[in-house]
Q: 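Dropping the structure in here first, questions after.
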Protein chains: 2
Amino acid sequence: MDECITADANRPVAASAVLGGTAITSRIAFERGATVFVAGMLGRPWRVVEGLVRLDREGLNGPEFGGLARVGDVIGAETLMFDRYTYTAVALLPLTLEPWCHGTAIEREHGLLLALARSERRMADVLALRGGRAAERIRRLFGYIAEAIGYRDAQTPCIPMLRLRDIADITGLQVETVSRTISQLSDHGEISPLARRQVQLNYSPD
Amino acid sequence: MDECITADANRPVAASAVLGGTAITSRIAFERGATVFVAGMLGRPWRVVEGLVRLDREGLNGPEFGGLARVGDVIGAETLMFDRYTYTAVALLPLTLEPWCHGTAIEREHGLLLALARSERRMADVLALRGGRAAERIRRLFGYIAEAIGYRDAQTPCIPMLRLRDIADITGLQVETVSRTISQLSDHGEISPLARRQVQLNYSPD
DNA sequence: CGCAAGATTGACCGCCCTCAATTGATGTGG
DNA sequence: CCACATCAATTGAGGGCGGTCAATCTTGCG
């Protein structure tokens with residue numbers, strides 16, 4: 001695994017973006033809002049160990065939302081074919097990544113299969129966040145985040161709050177609509193805003 | 001490749017569903033609306049040679065739209081891990097599939113990498129079909145289909161028409177809204193309905 | 001023909017978008 | 001420490017787009 005780290009050092013564009021990441025052993029940590037990598041830059045694939053990642057691709061007018069990656073998902077797999085990232089990755093929650101490179105051919109194939117199977121599920125999950133009423137979308141997104149951070153089943157799920165801008169991009173709503181809808185959910189007792197930008201979910205995330 | 005066909009014969013649930021498919025050499029053809037496979041049934045992965053596939057997964061109230069697969073995309077890759085399909089696949093256009101199984105370990109790994117890289121793009125593409133105004137979504141979907149069937153750049157793109165129900169599910173709109181929006185696009189000259197359920201696009205699908 | 005599924009059209013209204021202004025949170029330099 | 005700039009979030013007013021229900025028309029098929 002060490003070759004992943006050493007190879008990591010000679011990425012040309014990586015320096016500024018990954019500067020925010022703190023390297024511990026072979027893993028890299030990012031804080032909320034940090035840019036993990038940018039479309040077009042050289043790099044390698046990563047596996048999400050903890051946190052939530054937002055993927056964007058270059059649209060006609062600036063970057064547009066292109067997907068989410070949760071714990072266990074692989075991001076930047078396309079670098080194994082094209083060397084460069086096709087998407088920009090931003091940490092929506094405190095994030096921990098580890099290099100995604102396997103030893104033997106058997107292990108590599110198994111890992112690829114797992115990543116491919118997961119990607120189909122990701123697509124359906126993220127699509128579901130763009131269907132139905134505004135309240136439904138945000139409820140589902142919060143449930144999705146609760147599963148992403150691995151909430152304790154015993155107690156009620158408590159998730160960190162995202163920026164409204166990100167919630168809007170993910171759900172396909174407007175920021176103002178998100179603000180109003182979250183207020184409604186709070187009034188109806190479905191969620192309870194806590195200190196330090198945390199939200200408690202008073203419903204089970206299924 | 002022959003082992004794919006022979007192994008194909010002993011799929012338990014497959015009989016009824018794949019009955020609509022006509023086997024030529026190692027490929028299988030389906031007509032519009034045919035069910036390729038159903039969630040939960042035993043099977044193998046396939047690669048889309050021609051056509052367009054709709055993927056659904058079981059939601060709380062019936063099946064819900066979970067993604068699209070175009071020419072080159074792999075569907076049912078999860079069977080390599082779990083033996084059974086997790087999604088239901090329906091042909092939205094006349095469809096041709098071929099078994100997705102590679103010979104050597106090198107070829108397998110390369111194919112897996114390609115499929116994984118494509119899957120990230122698929123997610124962003126399908127997500128884009130659920131954002132923006134109704135007219136935008138349908139314009140993008142038609143452009144997506146034009147690329148899916150490999151339109152001739154020389155002439156204006158001409159695509160087969162989907163059922164409004166499918167367009168509605170994909171774009172996250174209602175059937176009535178789809179009907180009205182397509183009429184508007186036709187009135188504005190952006191599309192021209194032709195005979196035999198074909199639509200000519202008077203804009204470039206980019 | 002007669003049935004069923006799909007598509008169209010109309011009327012109504014509610015949800016969400018849009019624009020705008022205000023407040024709050026955060027960071028920076030004097 | 002405060003003034004200031006910047007970004008994020010909230011709130012209001014208004015209108016349009018799309019959802020919803022219903023009826024009608026078209027298409028396909030046995």
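All chains are named by letter (A, B, ...) in the order of the sequence lines, taking the proteins before the strands, and each is independently numbered beginning at 1.
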Q: Can you tell me how far C1' of D:dG19 sits from CZ of B:R165, to the nearest Å?
A: 13 Å
Q: Look at the side-chain N and O atoms of B:S183 and state whether any lies under 4.0 Å from the OP1 or OP2 oxygen of C:dT9.
A: yes
Q: What is the distance, rounded to the nearest whole Å, between atom CG of A:L173 and atom P of D:dC17?
A: 18 Å
Q: Would you kindly give the CZ-to-P distance between A:R163 and C:dT26, to the nearest whole Å?
A: 13 Å
Q: Output all residues satisfying side chain to side chain contact (heavy atoms under 4.5 Å, CB included) with B:R32, sequence neighbours left out; order by chain, then residue number.
A: B:L93, B:P94, B:P160, B:R197
Q: Would one find a side-chain N or O of A:S179 under 4.0 angstrom from OP1 or OP2 of D:dT10?
A: yes
Q: May I have the distance from B:L92 (atom CG) to C:dG6 (atom P), rounded to whole angstrom?
A: 14 Å
Q: Out of curiosity, B:L113 CG to B:R108 CZ, how far, rounded to the nearest 0.5 Å?
A: 13.0 Å
Q: Return the 5'-most residue of the pair A:R197, A:R180 with respect to DNA chain C, ranking by each residue's nearest nucleotide.
A: A:R180
Q: Does OP1 or OP2 of D:dG18 have a side-chain N or O of B:R133 closer than 4.0 Å?
A: yes
Q: Return the value, rounded to whole Å, for the distance between atom CD of A:E176 and atom P of D:dA13.
A: 15 Å
Q: What is the distance, to the nearest angstrom, from the CG atom on B:L164 to the P atom on D:dG28?
A: 14 Å
Q: Could you tell me the separation between the CD atom of A:Q174 and the P atom of D:dG14, rounded to a whole number of Å?
A: 20 Å
Q: Please work out if B:G33 contacts a base, only the sugar-phosphate, or nothing of the nucleic acid, heavy-atom cut-off 4.0 Å.
A: nothing
Q: Measuring from B:L80:CG to B:L112:CG, what's the distance to the nearest 0.5 Å?
A: 7.5 Å
Q: Quick check for you: to the nearest 0.5 Å, what is the distance between A:F65 atom CZ and B:M123 atom CE?
A: 8.0 Å
Q: Once you round it to whole Å, what is the distance between C1' of D:dG19 and CZ of B:R130?
A: 15 Å
